[in-house]
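Quick notes on the structure that follows.
Everything numeric here is computed off the predicted structure, so don't read it as measured data. Order of the sequence lines fixes the chain letters, A, B, ..., with proteins taken first and strands second; residue numbering starts at 1 for each chain.
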Amino acid sequence: MPELPEVETIVNQLRSKIKSKMIISLEDFDSSMVDTRIKDILPVKIENVFRRGKSIIIELNNGHYLLTHLRMTGYFQHFNKNYSKEPFLVAKFGLNDGSVLAHYSIRKFGSIKLVSSNELEVVLSKLGVEPLSKQFTLEHFNELLLKKQKSVIKSFLMDQSLIAGIGNIYAIEVLYLSGIDPQRKIISFSSPEIKKLYNQIKKVLQLAVEKKGSTVDNYVHVEGSGGYQNLLTVYGKKVCPKGHEVKKINLGGRGTYYCPECQR
DNA sequence: AAGGCAGCCTGTAAGC
DNA sequence: TGCTTACAGGCTGCCT
């Protein structure tokens, strides 16, 4: 749910709100999701906030990092004043300017870990290329595909160790816009199809970042809702933009929408 | 080795 | 009407 565009949006907004501030307290936290050692290093200054794949990384000035993953239902809120405790609160960080950074999670799948730079490096090294970076070239995409000839294309797109940041919704949307059936094996792809797919990955993610993500179910970024949900073609739809009936199947354990007419 | 899938969790929607 | 079941989904870890 929060995929690359949503996480990118959250990170940009968090950076503008909390960078250079001090965390002075941690309260009301759920120790099953939040690393309790964070309390031991307070107060600590926030040097920066950045994203890698779907992870949010808060860089501290003591050489450590807060590594956060929202999974499906996690979100952050920042309160300059008028903070009030709401359901699903996982952690409440008090900052030195009197503001509050609150982290919530309905399904409690996420986590906030305290890691050293070495530990961070180990985690991040398992992630694949950033699809919006200049490292993600058509040549690189071809190399990845070549290694996974037997894989189903949708599973490939969602494999974080190959390309970092694409989840169920954007995989579905990219495949529709590329005219490719999500069940197809990579070995069957022609080079024009690969090029089209490559271009759509960049285009869809870039546009979704500009729209501040998609608000589906309970995703909200720090300042409100996204706008890309209005551009979705087949995800959660009954009919595709050309008026064909959309089919829903289970692929790799995930609900997968596609148009059998438009996608071959 | 690598692919497949249960489990984690809880709210919502569908089904009986 | 009210209970039960299915589903949503990213990722880890276990199993084959």
Side-chain angles (χ1 to χ4, degrees), chain A residues 1-11 29-35 51-57 66-76 86-91 103-113 115 119-120 122-131 143-175 182-188 201 205 208 213-221 226 228-229 232 234-238 246-258:
Chain A
M1 197 127 336
E3 303 178 28
L4 187 153
E6 290 77 28
V7 177
E8 178 74 17
T9 301
I10 290 165
V11 161
F29 60 95
D30 182 335
S31 57
S32 69
M33 300 174 64
V34 181
D35 196 324
R51 179 190 65 75
R52 178 77 172 88
K54 299 173 196 168
S55 289
I56 297 171
I57 298 135
L66 297 183
L67 176 59
T68 302
H69 202 298
L70 302 172
R71 292 293 207 277
M72 278 89 61
T73 61
Y75 62 100
F76 280 101
E86 288 170 37
F88 317 121
L89 181 69
V90 168
H103 176 60
Y104 304 86
S105 183
I106 296 171
R107 288 175 221 172
K108 298 189 177 183
F109 280 13
S111 60
I112 302 181
K113 292 175 186 160
V115 295
E119 290 166 332
L120 182 70
V122 169
V123 174
L124 300 190
S125 68
K126 292 175 184 163
L127 294 173
V129 66
E130 284 291 332
E143 286 166 22
L144 293 174
L145 288 164
L146 209 55
K147 285 198 292 187
K148 293 281 174 180
Q149 293 281 294
K150 287 173 288 184
S151 298
V152 170
I153 188 60
K154 179 159 177 270
S155 305
F156 169 91
L157 292 175
M158 292 174 66
D159 186 335
Q160 302 302 301
S161 71
L162 302 171
I163 301 171
I166 302 175
N168 199 39
I169 295 175
Y170 293 105
I172 287 170
E173 290 299 306
V174 164
L175 287 166
Q183 303 164 95
R184 268 180 59 194
K185 295 268 172 65
I186 290 168
I187 198 161
S188 71
I201 290 170
L205 293 176
S214 304
T215 295
V216 178
D217 288 342
N218 46 37
Y219 162 76
V220 282
H221 54 67
Y228 193 81
Q229 68 277 7
L232 295 176
V234 285
Y235 178 84
K237 307 286 185 189
K238 294 224 175 331
V246 169
K247 201 171 167 187
K248 188 185 180 193
I249 58 169
N250 190 300
L251 202 55
R254 306 245 161 63
T256 302
Y257 297 84
Y258 75 107

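Residues forming a side-chain hydrogen bond (donor to acceptor under 3.5 Å, both in side chains) with A/Q183 (at least two apart in sequence, or on another chain): A/D181, A/Y258. Every side-chain hydrogen bond (donor to acceptor under 3.5 Å, both in side chains) that A/E130 has, sequence neighbours left out, goes to A/R51, A/R52. When the side chain to side chain contact (heavy atoms under 4.5 Å, CB included) test is applied to A/S155, the partners found at least two apart in sequence or on another chain are A/V152. Under the rule for a salt bridge (charged side-chain N to carboxylate O under 4.0 Å, His left out), A/E173 has no partner lying at least two apart in sequence or in another chain. Taking A/D30 as the reference, A/K108 meet the salt bridge (charged side-chain N to carboxylate O under 4.0 Å, His left out) condition, with sequence neighbours excluded. Scored by the ring pair (Phe, Tyr, Trp, His ring centres under 6.0 Å) test, A/F156 finds no partners at all (sequence neighbours excluded). Remark: A/S31 engages A/F29, A/T36 in a side chain to side chain contact (heavy atoms under 4.5 Å, CB included) (not counting sequence neighbours). By the side-chain hydrogen bond (donor to acceptor under 3.5 Å, both in side chains) test, A/R254 pairs with no residue at all, sequence neighbours left out. The side-chain hydrogen bond (donor to acceptor under 3.5 Å, both in side chains) check on A/T256 picks up A/K154, with sequence neighbours excluded.
Note: CG (A/L4) to P (C/dG9) measures 18 Å, nearest angstrom. Summarising the geometry, the separation between CD1 on A/I169 and P on C/dC7 is reported as 18 Å, rounded to the nearest angstrom. Following rounding to the nearest Å, A/M33 (CE) and C/dC11 (C1') show an atom-to-atom distance of 13 Å. Regarding A/L127, its CG atom lies at a distance of 9 Å from the P atom of C/dT12, rounded to whole Å.
Rounded to 10°, the angle separating the first-five-pair axis and the last-five-pair axis of the helix from B/dA2-C/dT16 to B/dC16-C/dG2 equals 60°.
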Below 3.5 Å is the cut-off: list the nitrogen or oxygen pairs between protein and nucleotides 2-11 of chain B, distance only.
| residue | atom | partner | partner atom | Å |
| --- | --- | --- | --- | --- |
| B/dG3 | OP2 | A/K148 | NZ | 3.1 |
| B/dC9 | O4' | A/R107 | O | 3.3 |

Are there any protein N/O atoms within less than 3.5 Å of an N/O atom in nucleotides 14-16 of chain C, and if so, which ones and at what distance?
none

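Between A/Y235 and C/dG9 there is a side-chain N or O to OP1 or OP2 distance below 4.0 Å. For A/H69, a side-chain nitrogen or oxygen approaches OP1 or OP2 of C/dC11 to under 4.0 Å. Under 4.0 angstrom from either OP1 or OP2 of C/dC11 there lies at least one side-chain N or O belonging to A/Q160.
Between A/Y75 and A/E6, the side chains place no donor N or O within less than 3.5 Å of an acceptor N or O (distance only, hydrogens not considered).
For A/Y235 and A/Y228, the gap between ring centers reaches or exceeds 6.0 Å.
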